[in-house]
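Notes for the one structure printed next.
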Number of protein chains: 2
Amino acid sequence: MIDTKTRILDAAERLFAEHGFDATSLRAITKEAKVNLASVNYHFQSKDALIEALFVRRISPLNDERIRMLNEVERRAAGAAAPIEELVDAFVRPVLPGGAPGHHSIGILLGRMYAAPGGLLARVIAPQMDAIRERFGRAFRRSLPGLEAEEIFWRIHFTIGALAHTLASRGLLEFISRGMCSAADADQARTQLIRFVTGGLRAPSLVEKP
Amino acid sequence: MIDTKTRILDAAERLFAEHGFDATSLRAITKEAKVNLASVNYHFQSKDALIEALFVRRISPLNDERIRMLNEVERRAAGAAAPIEELVDAFVRPVLPGGAPGHHSIGILLGRMYAAPGGLLARVIAPQMDAIRERFGRAFRRSLPGLEAEEIFWRIHFTIGALAHTLASRGLLEFISRGMCSAADADQARTQLIRFVTGGLRAPSLVEKP
DNA sequence: GTATCAATCATACGTTCGTCTTAATCATAC
DNA sequence: GTATGATTAAGACGAACGTATGATTGATAC
């Protein structure tokens, strides 16, 4: 029998991803997890703290995997500038379904969190993302010497947008089911995403070079 | 004195954009609008219907402006394929701050809605977006003859993602204020966005051409 | 066996929410 | 003036929520 704390986290992750944070009550979570209602306030202190714990559990391994893949890409490049496609792949793959070990619905939740108001993103996610952003920013600057740091910043921002939208979009699957898109598998989505983002990153700089 | 219905819509739009739909109560809205609580259920029927009315009021003019700009772009192209930058501009400008007449916070709400669960997007926004997607899809196919229809579909999807993320991201302004990005004005964001998206759209096709 | 402490359980509390009801107000037409 | 229909006002209702309480169980150590 899995321990109560994990059962709560798993159920919460699943239900939050499906219905959103506000629309999911602790009663629904404890029912899904087959635990007592009070367990949530015993193991965590509040609903907010539960949500926070939920991200804490996933984000670190996720970003570790990103860094691991990035290091691997740079190792293969052997000192030269790494190919943009591979940098992007290291950035997006771990967060896409099937991309990281123990991966469940955290990608959807992350995508949703980026659009949500409130302090959780600023308190929990943003600090973790700053390190990733910094590390990948350096790699991109290396492989895109024609761009200024500020432009890199913007383009990473747009990359996150395209990624988060792909993760969060409920509409996508509907479009797919309506025949507007034939391949529903994650590989197809990732390949298309990488191609698009790589093109965006490679776009010429807006800054006039002397 | 502006009429009650409009006052409610304006206040709701403002508060929803700032705090989200669930975190904003009808009492907060009616207080902000300086109207009676029951007015909401009188003029609209429910909170959900209010949210729906809120989008209905803005989306049509917004998409009309998109179509108007697109037609203008195609008119200038005089039969030839229109430049991608201008197509993208017609797509993103109306939804960005200062881009359309009567524009307030609807962009933030749209950006947030794309990441939110529930049927409102599918019921209200998606049907309106289908027409836009179709119209712009045709224009993009014309200007990007090397791409298959499915690839165009994906790339419009990613474009919406980058756009929605830019609209919804609270974090962005924080990064800006922390000096990681110097220009906070909408012009800078739009220019960077268009450059990135154009590059993504122009990326070579994934499909092998015979 | 019994003391101890963490975990689980049923249940209650206080709050807040969306909605509804009923009465009061206002403008307009006759 | 008065009737009429639309709007606004004040307040109450029931439901659902997050949280807290106190009892109960279960395992471990002595």
Side-chain angles (χ1 to χ4, degrees), chain A residues 1-57 105 109 112-113 116-124, chain B residues 1-57 105 109 112-113 116-124:
Chain A
M1 192 60 149
I2 311 165
D3 89 296
T4 304
K5 214 165 165 177
T6 308
R7 301 255 299 285
I8 293 174
L9 285 171
D10 289 342
E13 196 172 283
R14 198 160 45 243
L15 291 178
F16 282 150
E18 190 168 355
H19 304 111
F21 296 105
D22 292 308
T24 303
S25 68
L26 294 184
R27 285 168 175 82
I29 293 171
T30 53
K31 187 176 178 184
E32 169 97 355
K34 294 187 181 24
V35 300
N36 191 270
L37 170 60
S39 308
V40 177
N41 285 295
Y42 178 76
H43 288 286
F44 312 89
Q45 290 83 349
S46 64
K47 185 178 184 179
D48 279 343
L50 167 65
I51 297 176
E52 183 166 338
L54 197 139
F55 279 103
V56 167
R57 174 173 74 148
S105 312
L109 295 182
R112 191 168 294 158
M113 196 53 93
L120 182 58
L121 181 116
R123 204 172 66 251
V124 182
Chain B
M1 193 59 150
I2 311 164
D3 87 298
T4 304
K5 215 165 166 175
T6 308
R7 301 255 299 285
I8 294 174
L9 284 171
D10 289 342
E13 195 172 283
R14 198 161 45 243
L15 291 179
F16 282 150
E18 189 168 356
H19 304 110
F21 295 106
D22 292 309
T24 303
S25 68
L26 293 183
R27 285 169 175 83
I29 294 171
T30 53
K31 189 176 176 184
E32 169 96 355
K34 293 185 177 33
V35 302
N36 191 270
L37 171 60
S39 308
V40 177
N41 286 296
Y42 177 77
H43 288 285
F44 313 89
Q45 289 84 349
S46 63
K47 186 180 183 179
D48 279 344
L50 166 64
I51 297 176
E52 182 165 339
L54 197 139
F55 280 103
V56 167
R57 176 174 72 148
S105 313
L109 295 181
R112 190 168 294 158
M113 197 54 93
L120 182 59
L121 182 118
R123 203 172 66 251
V124 181

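Chain letters run A, B, ... following the sequence lines, proteins first, then strands; residues in each count from 1. In what follows, every heavy atom counts, from backbone to side chain, and hydrogens, waters and symmetry copies are set aside.
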B:Tyr42 and B:Thr4, any side-chain heavy atoms less than 4.5 Å apart: no
Between D:dT7 (P) and B:Ile8 (CD1): distance, integer Å: 12 Å
Below 4.0 Å: OP1/OP2 of D:dT8 and any side-chain N or O of B:Thr4: yes
Side-chain donor-acceptor pair present, B:Thr6, B:Asp3, cut-off under 3.5 Å: yes
Passing candidate, side chain to side chain contact (heavy atoms under 4.5 Å, CB included) with B:Phe21, options B:Ile51, B:Leu50, B:Leu15, B:Asp48: B:Ile51
Rounded interatomic separation in angstrom, taking CG from A:Leu37 and P from C:dA12: 13 Å
Rounded distance in Å - OH (B:Tyr42) to C1' (C:dT21): 15 Å
Under 4.0 angstrom between B:His43 side-chain N/O and D:dT8 OP1 or OP2: yes
Integer-rounded Å distance: C:dC20 P and B:Asn36 CG: 15 Å
Watson-Crick/G-U partner (both atom distances under 3.5 Å) of C:dC30: D:dG1
Nearest-Å distance for atom pair CG/P, residues B:Asn41 and C:dT19: 5 Å
Integer-rounded Å distance: D:dA20 P and A:Arg27 CZ: 13 Å
Exam field: side chain A:Arg27 to backbone A:Leu37, donor-acceptor pair closer than 3.5 Å: no
Residue pair B:Arg57, B:Asp10: steps toward the salt bridge (Lys or Arg N to Asp or Glu O under 4.0 Å) verdict: CA-CA 11 Å; B:Arg57 176 174 72 148; B:Asp10 289 342; 3.0 Å; yes
A:Leu26 CG - D:dC17 P separation (whole Å): 9 Å
Candidate nucleotides C:dC9, C:dA7, C:dT21, ranked by approach to the side chain of B:Ala38 - the nearest: C:dT21
Counter-base of D:dT19, judged by Watson-Crick or G-U geometry with both distances under 3.5 Å: C:dA12
Distance in angstrom units between A:Lys31 NZ and C:dA10 P, rounded: 14 Å
Touch class at under 4.0 angstrom, heavy-atom based, for B:Ser25 against every strand present: sugar-phosphate
